[in-house]
Structure formats: C-alpha cells, structure tokens
Amino acid sequence: MSPSEGMAKAYDPRQVEERIYRFWEEGGYFRPRMVPGRAPFVITMPPPNVTGALHLGHAMTAAIEDLMTRWHRMRGEPTLWLPGVDHAGIATQNVVERELAREGLTRHDLGRERFLERVWQWVYTYRARISDQHRRLGVSCDWERERFTLDEGLSRAVRVAFVHLFEKGLIYRGTRLVNWCPRCRTAISDLEVEYEEVPSRLWFIRYPILGDGWNGPGTWGSGRWAEGATRFITVATTRPETLLGDTAVAVHPKDDRYRALVGRQAVLPGVSRAIPIVADVAVDPAFGTGAVKVTPGHDPTDYEIGERHGLAIVNVLDEDARMNEEAGPYAGLELLECRRRIVEDLKREGLLEKEEPYQHAVGHCQRCHTVVEPRISTQWFVRMRPLADAAIAAVREGHIRIIPERFAKIYFDWLENIRDWCISRQLWWGHRIPVWYCDDCGGYTSTVSDPTACAHCGSARIRQDEDVLDTWFSSGLWPFSTLGWPEDTPDYRAFYPTTVRETGYDILFFWVAREVMLGLEMTGQVPYRVVYLHGLIRNEHGQKISKSMPDAERYDPLHIIQEYGADALRFTMTTSSTPGNDMNLDPRRIEGARNFANKIWNATRFVVSNFQTAPGTERAAPELPERWIRSRYHRLVGEVNALLEEYQFGEAGRRLYDFLWSEFCDWYIEVSKLRLYGEDPARAETAREVLLEVLEGSLRLLHPFMPFVTEELWQHLTRTPFAAGRGYGPALIVAPYPEPDTDALDPQAEADFERVKELVRAVRNARAERRVDPSRWIEAIVVAGRHAPVLRSQAEVLSRLARIAPERLEIVEERTERPTEAVPLVVGEVEVFLPLAGMVDIAAERARLQEALRAAEAEIARVRAKLENPAFVQKAPPEVVEKERQRLARALEEAERLRAQMR
RNA sequence: GGGCGGUUAGCUCAGCCGGUCCAGAGCGCUACGUUGACAUCGUAGAGGUCACUGGUUCGAAUCCAGUACCGCCCACCA
C-alpha cells in the first residue's frame with residue numbers, strides 16, 4: 001500500500017477536526033474517570049459572557065486549559081474541566097438595549113418582563129454560538145456538566161451566599177456616594193469605573209463673602225448679583241455645574257492666606273446659598289487657589305470633608321444626569337448644557353476670574369463608556385475587610401500559588417486597600433436581591449426561599465427589592481456553585497477544592513480575588529491551589545481584544561481555524577508567549593504552526609507507509625543513530641514533563657517542535673531510509689521499532705498542544721500492521737503520557753552522533769561553497785584519530801547524507817600522506833580532505849584555513865586568559881574550570897591540525 | 001502620584017534563580033535543489049555593541065541601581 005492510498009499528501013484540518021471531535025465526545029472521554037485514591041485535576045472554565053461570540057482571548061484560555069486538562073487526563077488522573085457561561089448582568093443588558101435602540105425602543109418601552117424575554121432570546125443564540133466555537137477549538141471539557149450562572153442550582157447558591165453574608169453582618173444597606181452610570185441608570189462598583197485622561201478646563205470662580213458691609217446678593221442673571229461685595233474667595237474647579245450643590249468652601253488649616261476667612265460664609269452663585277468656609281487637611285494649598293468648593297453630593301473627597309464637618313449634602317443631579325430642582329435656575333438642563341450656561345452667567349456676573357486648559361482623569365462606565373457621576377444613593381454593600389484579610393493570608397501562607405509570581409504583589413496591594421463592594425445594580429437582568437422590605441415595620445428579611453411574612457413583625461406586607469446583584473457576585477461562587485454547592489453533592493465532594501484557576505490577568509480583581517474571598521468564606525477552603533494568569537491578546541494596534549470592541553467579529557477564532565486549523569492556532573497560543581505577558585498574534589507564527597502540523601503529518605505518513613507488514617522475527621542490534629535518537633527522545637520526555645510541571649508550557653512546546661523537526665525528521669528519518677530501503681531486513685526491523693517508539697511517544701507528548709492532528713496520526717500509526725496488536729488502546733486522548741526512561745539516556749551516543757552530524761554539515765557546506773553539483777558523488781578522506789572506529793561504523797550514513805561515493809570514502813586513524821589538491825576541513829578533532837579534482841583553488845583554501853586558524857587562536861587566547869586568572873581558577877566551580885581546560889585542549893589541537901594542513 | 005511589564009537579528013518572539021548562549025527560533029533575505037514523507041519542503045549561508053549608563057562578580061543578555069523611550073495597572077488632588 002502506498003502512502004497516498006491511506007493518507008492525504010498534506011494535512012487538511014477540515015477533513016479531520018470535526019470527525020475527531022465527534023469521536024472524542026461520543027467516546028465519553030471528556031468525562032472524568034474516577035480512580036480511587038487518586039487526586040483529581042479540576043478546572044472550572046472561566047465562563048464567557050453571553051454578550052457575544054468568543055474572540056481570540058477566549059481561544060487563548062481554551063488552548064491553555066485544554067492543554068492542562070489533556071495532560072493530566074493522559075497522566076491517568078481523574079480529570080474534570082467544567083464548562084459554562086456567564087449571564088454577565090450589566091454587559092448583556094447593555095448589548096440587548098443597544099439592539100433595542102436600533103429599533104427605536106428602550107427597555108422601559110417593553111417593561112421588565114418583555115425585556116427579559118428579549119435577553120433570553122439573545123442568550124439562547126449566543127450560548128449555541130459559543131458552544132460551537134469551543135468545540136471547534138477542540139476543548140475536552142465535560143459538556144454534560146455545563147453550567148450557566150442563572151441556572152436554578154447556581155441561583156440558589158447565590159441566595160445561600162447572600163443570606164449567609166447578610167446574617168453575618170457582612171452585607172449591609174447604606175446611603176453613600178457611589179459611582180453612578182447615568183446611561184445604565186445604575187450604581188456600579190469602583191472596579192467598573194475606567195479612568196481616562198481627557199482635556200478639560202479649570203475654571204476659577206469667585207464666591208463673594210458675606211459681611212464687610214455686604215448683606216447678600218441681588219438677582220441672579222442681572223449682572224449685578226454680587227454688586228457691593230468687597231471680599232471674595234476664589235475656587236478652582238473642573239466641574240462648575242456642581243457648585244450648585246456646594247455646601248462649603250474648604251482651605252488648608254495652615255494656609256495663612258485664608259486663615260481669617262475660616263468660619264465666615266460665602267454665597268454660592270446661582271442659588272445664592274450661604275455656605276461656611278471650613279479648614280480641612282485634605283486641601284492641597286499648592287493646587288489652584290488653595291481654596292476648594294466642597295460638593296459632598298458629587299465628589300468622593302468632598303464627601304469625606306463633608307462628613308468631617310457635618311456638612312449638608314445637596315444632590316443636584318437626576319439619575320440620568322440632568323440637573324434637578326436643587327439646581328435652581330438650571331433645573332432640567334442636561335449636565336453639559338448646564339455647565340456651558342453657568343460659565344456664561346458667571347462671566348456676566350463678573351465672577352469668573354479666569355479659565356485654564358487642564359487635563360485630568362475622568363471616570364467612564366466600563367460597559368457603555370458614559371461619564372460616571374458620583375452620586376448619593378442607597379445601595380447594598382459587602383464589607384470587604386474581613387474577607388480580604390483571609391484572602392491575603394491564603395496566598396501569603398502558600399495555600400494558593402499565583403503564577404507568575406509578580407501578580408501576588410498586585411493582588412496583595414488591591415486587597416490591602418480594598419473598599420466595600422457595592423453589589424446592588426438598578427438593572428433587570430441578573431439575580432434579584434433576596435431582600436424583602438416590610439411596609440409595616442420597615443425591617444429587612446433575607447431568606448433563601450421567598451418569605452411570605454416579615455421576619456421581624458410577621459406582616460405579610462412585604463416587597464422584594466427591585467434590584468439585582470452585581471454579576472461578579474455569582475461569578476465569585478463559580479468554583480463551587482458549579483459543583484452543586486450548597487448541596488453536599490458527589491461532585492462537590494469529589495472535585496472541590498479545584499486545582500487551577502486559569503484566566504487573563506485583567507480579571508484578577510474582578511474575579512479571582514472575589515472567588516478566593518467568597519470561596520474561603522462560604523466553603524472554608526481555598527477554591528483552588530494555583531492561579532495561572534495568561535497575557536492578553538492584542539491586535540495590530542496594541543489594543544486588548546475584547547467583546548466590546550466594535551470589530552470584535554474580526555477576532556473570531558473560527559476565521560483562523562478555517563484557514564490554518566485549530567491545532568495551528570492552539571500551538572501558536574501556547575508557545576508564543578510567556579505567562580502574564582501580552583502577545584500580538586502574528587499570522588506568520590500561525591502559519592509556522594500550520595506547517596509544523598503538516599510536517600509531522602508527513603513524517604507519520606512516511607512511517608506509516610513503511611509499517612504495512614507485520615513485525616518480522618529477526619532484529620538487528622541498535623546502531624549509533626538508533627541509540628542517539630532514543631536517547632534524545634527520552635531526554636525530551638524528561639524535559640517536557642519537568643517543564644509542564646512548572647507551568648512552562650511555551651518552552652515545552654518549543655522543545656517538541658525542535659525535536660520533531662530538527663532531530664527526528666531532519667536526521668533520524670533520513671538515516672532510517674538507509675535501513676528501510678536497504679538489503680538487511682533485521683536492520684530495517686530495528687529501525688521500524690525505533691521509528692514507532694519515538695514517533696508514537698512524540699505524538700503522545702504533543703497531544704495536549706495539537707490534539708486533532710496528533711489523534712488522527714496516532715490512529716493511523718497504531719493501526720498499521722506493524723504497530724497493531726501492541727495494546728495501544730482506542731484513543732490517544734486517553735493514552736498514557738510518556739514517562740522518562742533514564743536507562744535509554746546515552747550521552748556517548750549523543751556525542752558520537754553529534755560528530756557525525758557535524759561532519760556531514762561540514763562536507764555539505766564545502767560542497768555548497770564550491771558549487772559542487774549537488775548530484776555529484778565525491779571522494780573524501782577522513783582522518784579521525786580515536787573516533788575512527790565510530791565513524792567507520794557510520795560510513796554509510798556519512799556517504800549517503802553528504803553524498804560521498806561509498807567506495808571513495810576512506811576513514812583512517814592517522815594521516816600517512818598528505819592528499820594533494822584537496823579541500824581540507826577541520827571538524828573538532830577530525831580532519832577531512834575532499835579531493836575535488838579541478839575545483840580546488842589553492843589560494844582560496846589557504847585563506848580559508850588561515851581564517852579558521854585565526855579563529856582558533858583567538859579562542860585559545862581567550863580561554864588561556866581565563867585559566868591564567870587565578871581568581872577564576874580558585875573561585876569558579878571545578879567543573880566549570882575543567883570545561884574551560886577541555887575547551888583549550890580542543891582549540892589547541894584544532895589549531896595544530898590547521899597549521900599542519902597549511903604546510 | 002505610586003506600581004508593574006517591555007526594550008535581544010529587517011519583522012514577530014524565546015532565552016533571563018549568572019558559566020559551550022563569543023546569544024537562539026520562525027518569517028523575511030541570498031545561493032542551490034541531487035534525495036522513493038513533506039515545496040505547508042530540503043541543503044548551505046548572510047544577519048545582533050542582547051536600549052543606555054554605572055555597579056556587584058573570577059565571569060552578566062541573565063543580578064543590583066539609575067536613565068530613556070513604549071505599554072499596562074492602581075490612585076479622591078478639586
């Protein structure tokens with residue numbers, strides 16, 4: 001059977017991936033296989049938001065997690081990778097609202113119920129799409145355990161967690177200054193505010209001071225409002241419209257300029273309210289004028305100043321950022337319009353001292369990018385301090401390891417400075433807050449199942465809070481809510497705590513820290529033992545790819561899969577970056593990975609074509625190339641295992657690439673052809689055994705990186721007549737991961753074969769440089785000294801790979817006579833002469849030798865200088881010194897040979 | 001204002017708990033393609049003061065300090 005009959009000439013992922021995926025899924029290989037006494041390996045997949053299709057960032061997550069999952073599964077551990085999807089509260093509500101907007105509708109036009117129906121439609125569409133994308137990526141997660149944050153079980157977990165925290169006093173309701181998105185019309189947490197530098201202005205506004213013969217203002221807008229005032233205090237602000245809500249002016253207590261004014265009253269332009277001048281250390285005397293307008297209702301710093309001085313809070317904004325009735329003459333205006341008008345009016349009244357251009361950071365809503373307004377409102381909060389302390393301790397004490405380590409510091413910093421978490425959202429899509437208010441006694445009732453009466457007074461007149469929870473509240477329970485918690489289910493018992501949280505570092509605070517806190521609080525255990533953070537995928541402009549990008553569609557992994565195959569994408573993802581570092585996905589690398597898949601496809605095709613008969617009975621002893629490749633392979637097994645243990649996936653993948661391409665394909669396959677196409681069946685048999693051992697093992701090693709092509713090839717390989725009947729099992733996905741066999745390590749063979757390779761390369765080089773016809777068989781004399789016996793044993797390899805005529809290859813210990821008219825080469829301790837009749841340019845050869853000698857002498861000088869340095873000999877480790885000595889000896893010998901050749 | 005990451009061949013990136021790394025890969029480039037797996041290929045080759053400055057060390061791309069760019073995160077200076 002010729003190879004073309006069984007396998008295509010080039011690997012075509014489209015012919016393979018779908019079939020292989022079905023094979024795995026139908027074979028039930030994604031389900032954990034329990035092994036008594038064996039610790040399981042568990043990852044809960046970071047649930048993608050149902051806001052849209054997956055992008056390349058998700059493909060990264062999938063590639064790395066599947067790599068870990070497949071590796072552990074092959075090691076025989078009970079392995080569970082649990083998939084799921086996140087309802088993503090505010091984000092999903094927003095995308096659906098945007099969709100409605102295109103129809104000219106708002107959610108209020110539909111009402112809560114019909115709006116939620118629309119959202120569910122959306123969810124239905126995108127869940128299917130996400131699931132399809134994941135399958136195309138080849139994820140080996142257990143679909144039967146797929147979860148959604150709004151599932152009944154998970155919703156119950158949310159309730160249980162809420163009630164627990166509520167009863168423990170860790171959840172409380174309070175009226176505070178919160179971040180308010182006027183577009184979403186909801187409070188958001190500190191984390192959901194994104195600060196952005198924007199060019200703005202600093203307006204310097206004069207507030208007249210009451211007294212000194214001035215008893216108050218005139219009519220606002222008349223141009224004579226401040227007529228008669230003699231003293232003013234000037235404040236600088238970026239937000240003139242908020243002055244309508246000012247309740248004080250503050251100066252630094254030690255600021256001499258204003259000392260006399262503290263305790264007096266200024267009059268607020270526009271609304272003509274008298275407000276006190278107070279002294280507070282929060283004021284920076286060096287900024288602006290050193291006097292600050294204090295607006296406790298719309299600024300966090302001012303809020304604190306207000307608390308210290310018992311200032312009133314005046315809220316001048318509506319929930320959609322229009323000026324409310326407190327804004328007096330400006331009531332009803334949109335915020336920016338109000339700003340424009342008030343500046344104009346201040347000017348007219350002679351109260352605008354000056355304005356300067358000014359750049360400052362303005363908070364925007366993470367989800368809709370509207371400018372966030374600090375606003376007083378009544379919300380639910382989680383008291384974070386005690387939870388954060390436990391989460392810090394878990395990492396500090398080593399119960400959780402963060403990779404890469406530098407993120408531990410970032411994690412600590414955040415938790416140490418954490419503020420209470422606002423968890424209520426004035427949205428419709430999400431888990432409804434499980435609190436009921438009593439119309440009679442005003443008490444709060446929070447219970448797991450819906451109450452029928454107030455827990456305090458027994459009244460039946462209770463109403464549930466209209467709001468929903470921050471979506472991250474349910475995300476924070478993911479490692480255990482997905483396993484059945486709060487019920488004591490078999491899955492929860494078997495798989496919790498999980499093993500690894502693998503995700504992008506951008507959600508360390510949003511998610512990971514909260515999982516750790518809630519995990520510890522709710523289950524008393526860490527949710528996982530390792531946090532592995534990968535970098536972000538950036539586009540050609542260096543922007544992080546996310547679902548909210550307008551052109552997110554461009555980054556659908558299916559585009560790449562369609563063109564290059566899933567394995568190529570995955571191999572690129574897992575090997576072209578290091579943990580925690582971002583990557584620009586370079587199409588050339590994907591192409592390289594695609595070529596690699598094709599390379600191993602063809603290598604296997606070659607092997608398969610030679611495996612069409614059952615094993616023979618006679619087998620020759622392994623020769624140098626066989627011992628070499630086996631040693632290299634077993635060394636590789638050890639290295640790859642060690643690297644995977646250390647989470648160094650990229651390095652492990654690169655080693656596999658190098659070994660398969662540069663050693664196995666480039667050298668051993670070439671050598672094996674001598675056996676396979678030669679006269680001696682026993683040698684051919686040995687070569688087949690070695691090809692099988694190394695290739696089959698390599699496919700297993702590579703499987704977590706390139707699951708599809710390796711599975712397909714492994715099936716072809718293990719079903720050949722030669723390989724069949726050796727107990728290979730039904731599927732690579734569950735074949736055992738190779739274990740290192742130190743007995744196969746053979747440093748001598750590695751060194752000897754390395755010499756053979758160098759010799760071949762040197763001859764090829766000499767031929768190429770002298771333009772020897774590639775088809776021409778040349779003559780060679782090898783003066784090999786102590787290496788003669790080994791090289792003689794490899795005469796066939798040398799002659800075939802360097803295209804030296806076998807009958808004209810002479811390998812001797814010593815040189816008896818000096819060949820004339822020959823190209824001389826020196827390869828370490830070995831000399832080669834190529835009598836290339838008519839092609840030898842004596843002068844050129846001399847120059848070449850001269851150059852080589854110069855190099856050798858430079859080497860000698862360098863190493864000698866090192867060895868003559870007493871400090872080096874004394875302080876460097878003996879083995880390093882010894883290495884240098886050997887290096888010197890080798891260089892001396894080489895120089896000697898070069899000189900001899902030039903004589 | 002703090003903190004972190006990056007700066008290595010033309011391009012995209014490895015290497016970085018110091019010693020055959022007088023630095024590697026892929027792509028690109030140059031020349032050549034004999035060969036019964038592969039042109040998604042093969043062979044050979046060119047190409048880098050490892051951002052800069054100083055320090056530690058017998059020895060530094062690798063450790064320390066500083067500088068310069070690029071990027072990110074955190075932060076209530078109006």
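Each chain gets a letter, A, B and so on, in the order the sequences are listed, and its residues count up from 1.
- A:Glu196 has its CD atom 16 Å from the C1' atom of B:C74, to the nearest Å.
- If you take CD1 of A:Ile507 and P of B:C72, they are 19 Å apart, rounded to a whole angstrom.
- In this structure, the nucleotide among B:C38, B:A37, B:U40 sitting nearest to the side chain of A:Lys9 is B:C38.
- The shortest distance between the side-chain N/O atoms of A:Arg654 and the OP1/OP2 oxygens of B:A25 is not below 4.0 Å.
- Contact check, A:Tyr677 against B:A37: a side-chain N or O comes under 4.0 Å of OP1 or OP2.
- From A:Glu670, atom CD reaches atom SG of A:Cys665 across 9.0 Å, with rounding to the nearest 0.5 Å.
- Across B:C38, B:A78, B:C76, the shortest atom-to-atom separation from the side chain of A:Lys599 is found for B:C38.
- Residue A:Met583 contributes atom CE, which lies 18 Å from atom P of B:G26 at whole-angstrom precision.
- A donor-acceptor contact under 3.5 Å is not formed by the side chain of A:Glu591 with the base of B:C27.
- For A:Phe287 and B:A78, the CZ to P distance is 5 Å, given to the nearest whole Å.
- With hydrogens and angles ignored, a donor-acceptor pair under 3.5 angstrom links the side chain of A:Arg588 to the base of B:C11.
- The base of B:U43 has none of its N or O atoms less than 3.5 Å from a complementary donor or acceptor on the side chain of A:Arg764.
- For A:Ala768, whose side chain is taken as the heavy atoms from C-beta onward, the closest listed nucleotide among B:C73, B:U20, B:A44 is B:A44.
- Ion pair A:Arg761/A:Glu754 flagged as a salt bridge, since at least one NZ, NE, NH1 or NH2 atom sits closer than 4.0 Å to an Asp/Glu carboxylate oxygen.
- Applying side-chain hydrogen bond (donor to acceptor under 3.5 Å, both in side chains) to A:Thr295 and the options A:Thr247, A:Asp246, A:Thr237, A:Thr301 leaves one that passes, A:Asp246.
- With both pairing distances under 3.5 Å, B:U56 is matched to nothing as a Watson-Crick or G-U wobble pair.
- In this model, a side-chain donor or acceptor of A:Lys673 finds a partner on the base of B:A37 within 3.5 Å.
- Residue side chain A:Arg890 reaches the base of B:U20 through a donor-acceptor N/O pair under 3.5 Å, judged by distance alone.
- The CZ-P distance, from A:Arg761 to B:C32, rounds to 23 Å in whole Å.
- For the pair A:Met573 CE and B:U12 P, the computed distance is 18 Å after rounding to whole Å.
- Separating the CG atom of A:Asp413 from the P atom of B:G1 is a distance of 19 Å, rounded to the nearest angstrom.
- Using a 4.0 Å cut-off between charged nitrogen and carboxylate oxygen, A:Asp413 and A:Lys409 count as a salt-bridge pair.
- Look at CD on A:Glu663: it is 13 Å from P on B:A25, rounded to the nearest Å.
- The partner of B:A37, taking Watson-Crick or G-U wobble pairs whose two distances both stay under 3.5 Å, does not exist in any strand shown.
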### Task
Walk me through it: do A:Asp773 and A:Arg767 pass the test salt bridge (charged side-chain N to carboxylate O under 4.0 Å, His left out)?
CA-CA 8 Å; A:Asp773 179 352; A:Arg767 295 176 60 122; over 6 Å; no
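- Taking only side-chain nitrogens and oxygens, A:Tyr505 never comes nearer than 4.0 Å to OP1 or OP2 of B:C72.
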